[in-house]
Amino acid sequence: MATDNNKFQAIISHCKEYGFIFQSSEIYDGLSAVYDYGQNGSELKRNIRDYWWRSMTQFHENIVGIDAAIFMHPTTWKASGHVDNFSDPMIDNKDSKKRYRVDHLIEAHAEKLALEGKKEQEAALLQSMDNLIAKDDFDGLKKLIEDNNIKCSISGTANWTDVRQFNLMFSTQLGSVSDEANEIYLRPETAQGIFVNFLNVQKTGRMKIPFGIAQVGKAFRNEIVARQFIFRMREFEQMEMQFFVRPGTQKEWYEYWKAERMKWHHSLGISPDKYRFHDHVKLAFYADAACDIEYDFPIGFKEVEGIHSRTDHDLSRHQEYSKKKMQYFDTEINQNYIPYVIETSIGLDRTVLMVLSEAYVEEDLSTEDKKDSRVVLKFPAKLAPIKLAVLPLTKKDGLPEIAREIMDGCKKSFRCFYEEKDTIGKRYRRMDALGTPFCVTVDHQTKEDNTVTIRYRDSMQQERIPIAEISRIINEAIDQ
RNA sequence: GCGGAAGUAGCUCAAUUGGUAGAGCGAUAGCCUUCCAAGCUAUAGGUUGCGGGUUCGAUCCUCGUCUUCCGCUCCA
């Protein structure tokens with residue numbers, strides 16, 4: 001791995017070759033920025049998801065989980081601000097390649113007219129623009145730009161593309177009759193499923209503030225450019241937790257969750273110097289504090305998780321649009337209020353990529369006589385797709401039968417893999433490439449004293465242990 | 001989305017200046033019975049990304065398209 005970019009490419013190839021991640025619909029040339037998880041990738045992903053879920057809902061007594069539908073009432077997205085903020089008519093200047101939001105471009109020109117004292121022209125321009133935007137008349141908008149001879153500030157030309165709508169939300173029809181009234185969106189984030197269920201969960205769970213609601217699920221964004229493997233996909237999975245707190249305490253809970261989430265990342269066995277916080281300077285309209293946890297991917301430091309202090313923005317908006325009171329009565333202070341929210345939102349696919357990036361190692365094992373190397377995925381045992389490989393040293397002499405018995409004893413508690421083909425060294429290396437932390441080998445001595453050789457993935461060390469100990473050793477490693 | 005480059009077996013690559021493709025690794029089956037891949041034998045696997053055009057004939061030339069990579073752009 002000469003450069004980090006080579007390492008990234010190597011990881012992508014490895015993922016395909018060993019059944020972790022395939023491009024979607026590959027036999028039909030693939031679908032851009034959509035990927036499928038294979039037999040090993042789906043296990044890895046599920047293990048990460050389960051670990052996060054347990055960390056939230058099991059280790060914290062005041063956090064419960066839900067699973068909301070992907071389809072939601074269209075008003076949800078008006079209330080959340082996605083309808084207004086997630087779709088804008090855009091236009092590109094062909095010479096400078098610069099893309100503008102049409103309204104920004106025209107407003108800038110109107111401002112210029114105002115400065116030149118042409119107040120009437122300014123008003124007329126803005127009026128025309130508002131009319132056209134309200135009608136979604138993109139051809140009209142382009143004509144307006146051309147008629148006013150609006151130029152790109154960089155290239156100074158008026159060589160424009162057509163006006164196009166970039167709607168980051170996917171839409172579809174609910175019901176079989178196509179009708180605009182039935183248009184609904186695939187959720188662009190999972191958070192809103194939590195907010196609209198806030199009262200349901202709080203009341204039925206008798207939850208007392210502060211408390212959290214966790215959720216794992218798919219979200220969809222029609223990204224203009226989606227690239228970099230599974231880092232940015234159009235269909236992706238989020239693991240989110242919204243933590244409801246008393247107004248005024250959000251700052252301390254924000255700090256609490258920053259620290260708590262960073263601890264979780266370190267518990268994956270990843271070194272702290274691979275992480276950094278990136279504080280948002282320009283805050284979104286709904287936030288009073290926000291930061292990202294960034295991991296040092298082979299392609300550089302990139303966001304894995306976001307922690308946002310969302311104030312009471314979401315619940316207030318839903319209260320406004322639904323006319324339902326999104327309030328909580330706090331018996332400690334005898335007050336009704338709309339809770340403030342701290343959000344932790346981590347991309348599951350990005351976490352998979354992070355774990356893969358961290359685990360992937362090419363090792364040079366050459367000695368003086370022999371060149372040798374291996375590719376090994378050093379997953380934490382709890383995340384490994386396969387925990388144990390059971391390998392009879394040979395296919396004869398009753399060794400496979402003993403190995404099968406070990407398999408039967410272990411496969412109820414964790415995922416095992418049986419293999420009798422090829423030399424033992426080759427089988428070890430195959431397991432390294434899948435990230436299997438333990439291999440046990442049944443040999444002739446096993447028949448005499450019921451012991452096997454256990455071989456550790458990372459150190460490649462071996463030791464002799466009784467068959468009865470296998471299960472305990474591996475379960476302990478998984479629990480760490 | 002724009003510009004540039006690329007696409008040949010699961011992977012890494014070769015080949016024909018236009019005459020319809022080979023190797024290594026890998027896979028499968030068998031031999032060997034071996035505690036850290038690359039011993040032996042056999043087998044499978046490619047309408048050379050896809051679709052048109054030029055041509056007697058296209059993997060090669062040409063157009064379109066899809067996908068990927070790099071840069072720009074975008075990412076409430």
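Computed from a predicted model, the values in this text were never measured in an experiment. Sequence lines set the chain letters: A, B, ... in the order given, protein chains first and strands last, and positions in each chain run from 1. Worth knowing before you read on, the calculation uses all heavy atoms, side chains too, and leaves out hydrogens, waters and symmetry mates.
A salt bridge is defined here as a Lys NZ or Arg NE, NH1 or NH2 lying under 4.0 Å from an Asp or Glu carboxylate O, and A:Lys302 with A:Glu294 fails to meet this definition. Using a cutoff of 4.0 Å between basic side-chain nitrogens and carboxylate oxygens, A:Glu363 and A:Arg374 are scored as salt-bridged. Salt-bridge check for A:Arg430 with A:Asp422: passed, with a basic side-chain N closer than 4.0 Å to an acidic carboxylate O.
With sequence neighbours left out, A:Glu43 forms a side chain to side chain contact (heavy atoms under 4.5 Å, CB included) with A:Arg46, A:Pro385, A:Arg415. Partners of A:Glu448 by side chain to side chain donor-acceptor pair (under 3.5 Å), not counting sequence neighbours: none found. Applying the side chain to side chain donor-acceptor pair (under 3.5 Å) test to A:His14 and every residue at least two apart in sequence or in another chain returns nothing. Under the rule for a side chain to side chain contact (heavy atoms under 4.5 Å, CB included), the partners of A:Ala403 that lie at least two apart in sequence or sit in another chain are A:Val390, A:Pro392, A:Tyr418, A:Val442. Scored by the side chain to side chain contact (heavy atoms under 4.5 Å, CB included) test, A:Lys78 finds A:Val83, A:Tyr321 as partners (sequence neighbours excluded). In terms of the side chain to side chain donor-acceptor pair (under 3.5 Å) criterion, residue partners of A:Asp408 (sequence neighbours excluded) are, by chain and number, A:Lys411. A:His278 meets the side chain to side chain donor-acceptor pair (under 3.5 Å) test with no other residue; sequence neighbours excluded. Residues passing the side chain to side chain contact (heavy atoms under 4.5 Å, CB included) test with A:Thr453 are A:Thr441, A:Asp443, A:Gln462, A:Arg464, sequence neighbours excluded.
Taking a pair to require two hydrogen-bonding distances under 3.5 Å in either a Watson-Crick or a G-U wobble arrangement, B:C36 remains unpaired. Here B:C25 sits opposite B:G10 as a Watson-Crick or G-U wobble pair (both hydrogen-bonding atom distances under 3.5 Å).
For the C1' atoms, the distance from B:C31 to B:G18 is 46 Å, rounded to whole Å. Rounded to whole Å, the separation between the P atoms of B:G64 and B:G39 comes to 50 Å. Nucleotides B:U47 and B:G30 have their P atoms positioned 28 Å apart, rounded to a whole Å.
A:Ala433 comes within 4.0 angstrom of no nucleic acid atom, judged by non-hydrogen atoms across all strands.
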What does the list of N/O pairs under 3.5 Å between the protein and nucleotides 37-41 of chain B look like, with a distance for each?
residue: B:A37; atom: OP1; partner: A:Lys370; partner atom: NZ; Å: 3.2
residue: B:A37; atom: OP2; partner: A:Lys370; partner atom: NZ; Å: 2.8
residue: B:A37; atom: OP2; partner: A:Asp372; partner atom: OD2; Å: 3.1
residue: B:A37; atom: N7; partner: A:Asp372; partner atom: OD1; Å: 2.6
residue: B:A37; atom: N6; partner: A:Ser373; partner atom: O; Å: 3.4
residue: B:A37; atom: N6; partner: A:Ser373; partner atom: OG; Å: 3.2
residue: B:A38; atom: N6; partner: A:Lys371; partner atom: O; Å: 2.4

I'd like a list of close polar pairs between nucleotides 43-46 of chain B and the protein, N/O only, cut-off under 3.5 Å.
none

Mind listing the N/O atom pairs, protein and nucleotides 49-51 of chain B, below 3.5 Å?
residue: B:G49; atom: O2'; partner: A:Asp29; partner atom: OD1; Å: 3.3
residue: B:G49; atom: N2; partner: A:Asp29; partner atom: OD2; Å: 3.1

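For A:Gln9, whose side chain is taken as the heavy atoms from C-beta onward, the closest listed nucleotide among B:A76, B:C70, B:G30 is B:C70.
Side-chain N/O atoms of A:Lys16 include one lying less than 4.0 angstrom from OP1 or OP2 on B:C11. The side chain of A:Arg427 contributes no N or O atom lying less than 4.0 Å from OP1 or OP2 of B:U33.
A heavy atom lying under 4.0 Å from RNA chain B marks the following residues of residues 456-475 of chain A, by number: A:Met460, A:Gln462.
For the residue pair A:Thr190/A:Gln238, the side-chain donor-acceptor check at 3.5 Å is satisfied.
Below the 3.5 angstrom threshold, one finds a donor paired with an acceptor across the side chain of A:Thr453 and the base of B:C35. Between the side chain of A:Arg455 and the base of B:C36, a donor-acceptor pair under 3.5 Å is found.
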